[in-house]
Amino acid sequence: MCGPMIRQNVAPVATSGSAPGGADGAPANPAGLPTSYEHGNRLTPVGSEVDPILVEIVQGTLASVEMEVETAIARTSRSPMIRDAHDFRAGIHDRQLRKLTGRSYSALVHPIVRDFPLSEMREGDVFFHNDVYESEGGIGHLPDLCVTVPVFHEGEVVAFVQAFGHHDDIGGAVPGSMPSNARTVFEEGLSVPPIKLWDAGVPNRAALRIMTRNSRMPDSLAADLDAECSACLMGARRLSELFTRYGRDTIEAAFDAILDATTETYRREILSKIPDGTYVWEDYAEHDGVDEPQLHTQRITLTKTSTGGPGPGDGGPKLVIDFTGTSKQAKGPINHCGDYVGGNFLKKWLAPILRNLADTPERMAELDVNEGIVPLIEMRFPEKGTLLTPIYPAPTNARTFVILRLLGVLAGVVAKAVDGQMPADQETIRYTGVYGKDRDGNDYLMREVLGGGSGGRYYADGEDTIHVVPDSRNLPTEFTESRFPFVVERLGLAVDSGGAGRHRGGLGYEKHIRMLQDANFMSIADRSILACWGVKGGKAGRPFEVTIDVGGPDERTVEALADAEPVRAGQVIRIRTTGGGGWGDPLERPYDEVERDLRWGKVSFEGARADYGVVASGTKDEPVIDTGASDALRAEVRAGRGDEPFFDRGPGYARLAEGRGAAEVDWV
């Protein structure tokens, strides 16, 4: 173990998006916040040494505390969205507000320290916020409620434990607080700037009463907040014990070492795989709930340079992500406030995509994303008034259409740089649900975050029915049927939903719900027109689709953005989520793999012929492939092909692009 370390703050370094100065005339800090508190800096001098074994111990302890906090929340919360669907996450940050853990993304501590000086914080304090525009980009929509607890050692703040999750209802125009046609944030629910929710261990019951009074689900909201506050307080005690065990100087040296290691690993193993140059690609959200469906563009111009990164080891590779060309802010709620703190939240949100450049899938799984990736990425935002730079009070509740799409845009622009050695597209989150009166006349709300298929990869098929939120899941049928007035008649894979390719896209869900009482169906989803794109010859997956009264006289397809679609007792709601895009030419998929897909029920006999050029007969359990007829069919299909773009967006793109089959940026 190393000896005591000397605490030192290095001089602040300006970042893109910095504010011109604080409200009191003080110079802006590195995060661009209106306060003189410096953050984002190292805790120890460059070159400080610490025992590498101790670094491993500290890193493992941080991961353990983070998991313990999340486990406590899952076991003591009440709402289905938190307890069962697990749509929440925790994070640990140092006193310079840098995220230390990397298993999951998290919100930011910046707005708390902006409004509450560290010197005035006390043990037992719990801070709360959900205001999108006051969150410095860490909160995307109002249902995401965030609690932050400072960690103390010898009377001083040394770290923070934070948790935020998607709660059932925080008020607003519709149950669930996500009105699909909102035009302002005021319609989306109660907006709370940073406040002190607990003061030295004493809850602020007036603030809690205001929040629960504004919720349609006051009991579950109160229970969830209590669970999150208690879990974070427990996590703060665990971290305080770590500081007591090894000493503040040693622990802070370990924090720096953890982040330095991430920076150097990504420079050496990831960024080095991208050739120097500038690459451009774009993708689109298809609707905003107000205007007619159209292409809401999100564009990235990616520039890779071999030198010029700030932070430890200056002179290594660096990425510049420029969002110029992104569409103006939407009238409806698909905007995302990304241009705060130099894009700090977006850097950590997008960085996991870069892990796909690791040498092996096993190595990719080992790479966390923490604050260490921030010095490697510079973000450049367009002027205020775009999808990523909305002007208050623009609505944001469906901002997933933007931040999920940006994951795909980054994957696509990197794919152009590395000859397609990136996964095809996925759309693995959307909100669906029903609400109304149960048999006893009580109000209920059942909302679910169903996943979809991930994109095919250059070495493997995509995964079926995954969720972008770590550890999240669909609601158990046993739970929903016992609590809500419906029966789940089917929950399985959506056959043929994965995009065809040498490596097939993963399949989405198919879920059938038969209502036992009259109700209303709600949906906040994208990719119902535009599909998850395929790459390097791979085809797009099947879009999202909801059908009500399947097989009945009132059968109809529902818009992907819906607040109150009526459903009568006895009618069936069929939900089909997106399939991932395919990777590589589907005519190169080996016959034995197509046979396996037929046997497993992932591809139909019709799909095998149409998508893979495979002629098969027999039964699902014993399919028989006619190799001669298949060879001839594949040769005929190849002969009829023309020049094809690098990306396949599916047939829905032409509907919104004036008949064009591809965008200019789709060619390499």
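At a cut-off of 3.5 Å, with distance as the only test, a side-chain donor of H166 or R447 sits close to an acceptor on the other residue.
When each of E545, E286, E559 is paired with S528, the side chain to side chain donor-acceptor pair (under 3.5 Å) condition holds for E286 and for no other.
Side-chain contact between T76 and S230: absent, with no pair of heavy atoms (C-beta onward) separated by less than 4.5 Å.
Between H167 and F88, the gap from one ring centroid to the other reaches at least 6.0 Å.
Seen from the ring of F164, R89 counts as a face-on cation partner, given the 6.0 Å and 45° thresholds.
At a threshold of 4.0 Å, the pair R216-D443 does not count as salt-bridged, since none of the basic side-chain nitrogens sits closer than that to a carboxylate oxygen. Here E489 does not pair with R574 in a salt bridge; the nearest charged N to carboxylate O distance is not below 4.0 Å. Contact check on E481 versus R514 returns no salt bridge, with no Lys/Arg side-chain nitrogen under 4.0 Å from an Asp/Glu carboxylate oxygen. Here D621 does not pair with R599 in a salt bridge; the nearest charged N to carboxylate O distance is not below 4.0 Å. A salt bridge links D461 and R589; the closest N-O separation between the charged side-chain nitrogens and carboxylate oxygens is under 4.0 Å. Ion pairing between R504 and D597 holds under the 4.0 Å rule for side-chain N and carboxylate O. Salt-bridge annotation for R527 and D283: present, with a side-chain N of the basic residue lying under 4.0 Å from a carboxylate O of the acidic one. Taking 4.0 Å as the cut-off between side-chain N and carboxylate O, D554 and R568 do not count as a salt-bridged pair.
Under a cut-off of 6.0 angstrom, the local environment of CZ in R209 is sparse, with at most 12 non-hydrogen atoms contributed by other residues, nucleotides or ligands. Few gaps surround CD on Q517; more than 12 heavy atoms of other groups in view lie less than 6.0 Å from it.
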